[in-house]
Amino acid sequence: LISILLLLFGCSKINNVTNNPPSVNLDVQQDKYSLIFKHQFYNNFKNYDKNLANFILKTNLYFKTSNALSNNGNNNLNIIKGTVDFKIFNKMNSKIIKTGSISSSINTGSVSSLYSVDENRNFAKERIARHLASKLYRKILLNTYTSEN
């Protein structure tokens, strides 16, 4: 009976300390992949700290596709590289805090039908947009917490 009580109530005194991120307004282009980027970025900002600085984040997301050969040389592979250029502004005085760019690439395999080629590219661009949003979120947090200290 004692071991059951310790099992149920033994971990009830754990304090969860979470640091909430600052408030960020994201300004993106109005295309499919930028909106996916924006949605994924805001999924990370569910709760924000009102005491931290408010930022405006302007982004530009674009993709480049290049060809590469596979190991045996028979199949052409595509490399899709996504890059997001960003500028972080202070909301109070519109001063630029940080500028930069983040990129990520992915290899797409060779498929035979034209429909599959288009769907493969679209899916790869969506994955890159989501990945870049997560990378930018981490960069914002790193910049915010190092500038606050």
Side-chain angles (χ1 to χ4, degrees), residues 7-71 75-149:
L7 182 67
L8 292 176
F9 297 110
C11 297
S12 65
K13 297 293 181 183
I14 295 175
N15 291 333
N16 257 346
V17 177
T18 57
N19 293 330
N20 291 330
S23 173
V24 175
N25 291 339
L26 185 61
D27 182 16
V28 297
Q29 301 164 343
Q30 296 298 312
D31 61 84
K32 175 183 176 181
Y33 304 112
S34 294
L35 294 176
I36 290 171
F37 175 85
K38 183 177 183 177
H39 180 72
Q40 180 66 32
F41 185 82
Y42 278 137
N43 277 344
N44 295 317
F45 281 102
K46 292 187 186 219
N47 298 322
Y48 61 90
D49 192 352
K50 294 178 177 109
N51 296 327
L52 290 177
N54 294 327
F55 299 112
I56 297 173
L57 180 61
K58 294 188 179 186
T59 62
N60 181 21
L61 177 65
Y62 58 93
F63 298 96
K64 287 184 185 176
T65 304
S66 60
N67 294 327
L69 289 176
S70 65
N71 286 339
N75 298 329
N76 286 335
L77 299 175
N78 293 321
I79 299 173
I80 299 175
K81 181 179 180 181
T83 305
V84 61
D85 297 328
F86 64 91
K87 291 181 184 177
I88 303 172
F89 295 93
N90 190 341
K91 196 172 189 177
M92 300 300 174
N93 58 10
S94 298
K95 182 180 176 184
I96 294 179
I97 298 171
K98 186 171 181 85
T99 62
S101 71
I102 301 172
S103 63
S104 182
S105 63
I106 191 168
N107 295 336
T108 59
S110 62
V111 290
S112 58
S113 70
L114 293 176
Y115 175 76
S116 298
V117 169
D118 288 340
E119 287 300 311
N120 196 12
R121 274 196 193 123
N122 289 337
F123 183 63
K125 288 179 181 180
E126 288 175 11
R127 287 188 350 219
I128 290 173
R130 287 186 181 106
H131 182 67
L132 288 174
S134 297
K135 285 176 83 172
L136 184 59
Y137 169 75
R138 289 189 301 265
K139 191 167 203 70
I140 296 262
L141 288 183
L142 181 65
N143 186 53
T144 302
Y145 291 126
T146 56
S147 68
E148 292 290 326
N149 294 330

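Only this structure's heavy atoms are used, side chains among them; waters, hydrogens and symmetry mates stay out. Nothing fancy with the numbering, it's 1 onward along the sequence.
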Take Leu136 and Thr59 through the side chain to side chain contact (heavy atoms under 4.5 Å, CB included) test and state the conclusion after the steps. CA-CA 10 Å; Leu136 184 59; Thr59 62; 4.0 Å; yes
Where do Phe63 and Ile128 land on the side chain to side chain contact (heavy atoms under 4.5 Å, CB included) test, with the steps shown first? CA-CA 9 Å; Phe63 298 96; Ile128 290 173; 3.8 Å; yes
Please test Ser134 against Arg138 for side chain to side chain contact (heavy atoms under 4.5 Å, CB included), starting from the C-alpha separation and ending with a verdict. CA-CA 6 Å; Ser134 297; Arg138 289 189 301 265; 3.8 Å; yes
Side chain to side chain contact (heavy atoms under 4.5 Å, CB included) between Tyr33 and Asn122: does it pass, once the steps are laid out? CA-CA 9 Å; Tyr33 304 112; Asn122 289 337; 2.6 Å; yes
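Heavy atoms of other residues, nucleotides or ligands lying less than 6.0 angstrom from NZ of Lys64 number 12 at most.
In this structure, the side chains of Arg121 and Asn78 come closer than 4.5 Å at one or more pairs of heavy atoms. The side-chain heavy atoms of Phe37 and Val84, taken from C-beta on, include a pair separated by under 4.5 Å. Using a 4.5 Å heavy-atom threshold, the side chains of Thr108 and Ile80 count as touching.
Annotation: ring-ring contact (aromatic ring centres under 6.0 Å, His included) contacts of Tyr62 (sequence neighbours excluded): none. Scored by the side chain to side chain contact (heavy atoms under 4.5 Å, CB included) test, His131 finds Ser104, Lys135 as partners (sequence neighbours excluded).
Between atom OG1 of residue Thr83 and atom NZ of residue Lys81 there is a gap of 5.0 Å, rounded to the nearest 0.5 Å. Remark: Asn90 CG to Lys98 NZ distance equals 15.0 Å, nearest 0.5 Å. Here CG of Leu132 is found 11.0 Å from CZ of Phe86. Values are rounded to the nearest 0.5 Å. To the nearest 0.5 Å, the span separating CD1 on Ile79 from CG on Asn67 amounts to 8.5 Å. To the nearest 0.5 Å, atoms OG (Ser101) and NZ (Lys87) are separated by 12.5 Å.
Inspection of the Tyr137 and Asn43 side chains reveals no N or O donor paired with an N or O acceptor under 3.5 Å.
When Val28, Ile140, Asp27, Asn25 are each tested for a side-chain contact (heavy atoms from CB on, under 4.5 Å) with Leu57, only one passes: Ile140.
Of all the heavy atoms in Ala124 and Ile106, the pair that sits closest is CB-CG2, 3.9 Å. Summarising the geometry of Gln40 relative to Arg130, their closest heavy-atom pair is CG-O, 3.6 Å, with the distance given to 0.1 Å.
Taking the centre and axis of the six-membered ring of Phe89, the NZ or CZ atom of Lys58 falls inside the cone set by 45° and 6.0 Å.
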